[in-house]
Amino acid sequence: MSTLSGWAAPSSGSSAIGPPLAESFYARDVLVVARELLGCLLQVGDTLGRIVETEAYHQREPACHGHNGRTPRCRSLFGPPGTAYVYRAYGIHRCFNVVCEDEGVGAAVLVRAVEPLAGIAAMRKRRGVERLEDLCSGPGKLCQAFAIELEHDGTSLVDGPIRLFALEGGRPRASAIVAAPRIGISRAVDLPWRFCLAESRFLSRPRPTPPQVAGTRD
DNA sequence: CTGAGGATGTGCT
DNA sequence: GCACATCCTCAGG
């Protein structure tokens, strides 16, 4: 019973799941989509989880695979909004992205961490680890747990094998979201384009250094 | 808890 | 060659 502060009651079995996110959801500024994907549900086959950490990438900044234009590898990054962009990282792992903005623009949200909700036995088997916090707490881990493969690259998130849903009952409060620099990159390191649900135990790193705002304390 | 190093495929400086 | 949008294991404090 994962209760996240700032949230309506979680979907414990009953139908708190809204409709699949439509193409129009993705056809917006990648930074907006990266924030709004927090709390949404990811479903592949019998596995289900809640997105707790994302990063935005855009061709106008040099950390993005599409920065030097369309190449065979990042072809689907330039596809229609709502397309899956799955690529191999470090020779071993996969990373799962959600293509955003207009077709022809290289922009996507990397899903970095998910809170496991269903299909947990399958996730444990695929991952070879037991701890709930270790199943999907990283971009490579969640692809393994959800069995997201390179074959999913270019598929539709609206009606394909990988699906995303909104929760009915609203989004996380803005105050529940922390922005921080992206992880594992060496260019454009200062852009605060990583977004986390601050209270989640399922992040890829314990917690981004919270912005210290004078006078803010509780 | 932290940091170092290896595994490994692909696409480029 | 080398640089990766990573993860695991091991050594040390």
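Letters A, B, ... are given to chains in the order of the sequence lines, protein chains preceding strands, and every chain is numbered from 1. All values derive from a computational prediction rather than experimental measurement.
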Checklist entry - Run the side-chain hydrogen bond (donor to acceptor under 3.5 Å, both in side chains) check on A/H65 and A/Q59 step by step: do they pass? => result CA-CA 7 Å; A/H65 290 167; A/Q59 66 176 91; over 6 Å; no

So which protein N/O to nucleotides 11-13 of chain C N/O distances come out below 3.5 Å?
none

For atom [atom1] of [X] and atom [atom2] of [N], their distance in whole Å:
X	N	atom1	atom2	answer
A/H65	B/dT13	NE2	P	13 Å
A/R73	B/dC12	CZ	P	8 Å
A/D134	C/dC7	CG	P	11 Å
A/E61	C/dA5	CD	P	11 Å
A/I185	C/dT6	CD1	P	9 Å
A/D153	C/dA5	CG	P	16 Å
A/I183	C/dA5	CD1	C1'	10 Å
A/E53	C/dA5	CD	C1'	12 Å

Checklist entry - Between C/dC8 and A/R127, is there an OP1 or OP2 to side-chain N/O distance shorter than 4.0 Å? => result yes

Checklist entry - Hey, is the side chain of A/R112 poking within less than 4.0 Å of OP1 or OP2 on C/dT6, counting only N and O atoms? => result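 Answer yes for this pair, as a side-chain N or O of A/R112 is under 4.0 Å from OP1 or OP2.
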
Next on the checklist: Between A/L167 and A/L41, does the side chain to side chain contact (heavy atoms under 4.5 Å, CB included) criterion hold? Intermediate values first, please.
Outcome noted: CA-CA 7 Å; A/L167 278 186; A/L41 300 178; 3.6 Å; yes

Every protein N/O within reach of nucleotides 6-8 of chain B N/O, cut-off under 3.5 Å:
from, atom 1, to, atom 2, distance (Å)
B/dT8, O2, A/Y90, O, 2.3

Checklist entry - Would you say the side-chain atoms of A/Q43 and A/R163 include a donor-acceptor pair closer than 3.5 Å? => result no

If only atom types and distance count, is the side chain of [X] paired as donor or acceptor with the main-chain N or O of [Y] below 3.5 Å?
X	Y	answer
A/H152	A/E149	yes
A/E133	A/R201	no
A/E61	A/H58	yes
A/E23	A/V158	no

Checklist entry - For A/R182, which contact category applies under a 4.0 Å heavy-atom criterion: base, sugar-phosphate, or nothing? => result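 The answer is nothing, as A/R182 stays clear of every strand by at least 4.0 Å.
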
Next on the checklist: Can you tell whether the side chains of A/E36 and A/R28 come within less than 4.0 Å, N to carboxylate O?
Outcome noted: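 Counted as a salt bridge, because a side-chain N and a carboxylate O are separated by less than 4.0 Å.
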
Item to check | Which atom of A/L164 lies closest to which atom of A/L37, heavy atoms considered | outcome: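 Smallest heavy-atom distance, with atoms named: CD1-CD2, 4.4 Å.
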
Checklist entry - Where do A/L135 and A/V129 come nearest, in terms of heavy atoms and distance? => result CD2-O, 3.7 Å

Checklist entry - Is it the case that A/R182 places NZ or CZ above or below the six-membered ring of A/Y57, under 6.0 angstrom from the centre and within 45 degrees of the axis? => result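 Yes, A/R182 lies over the aromatic ring of A/Y57.
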
Checklist entry - Which listed nucleotide (C/dA5, C/dC8, C/dT6) is nearest to the side chain of A/K141? => result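 Nearest to the side chain of A/K141 among the choices is C/dC8.
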
Next on the checklist: Closest approach to the side chain of A/T71, judged atom by atom: which nucleotide of C/dA5, C/dC7, B/dC12 is it?
Outcome noted: B/dC12

Item to check | Consecutive-pair stems (at least three Watson-Crick or G-U pairs, under 3.5 Å) that include DNA chain C | outcome: B:1-7 with C:6-12, B:9-12 with C:1-4

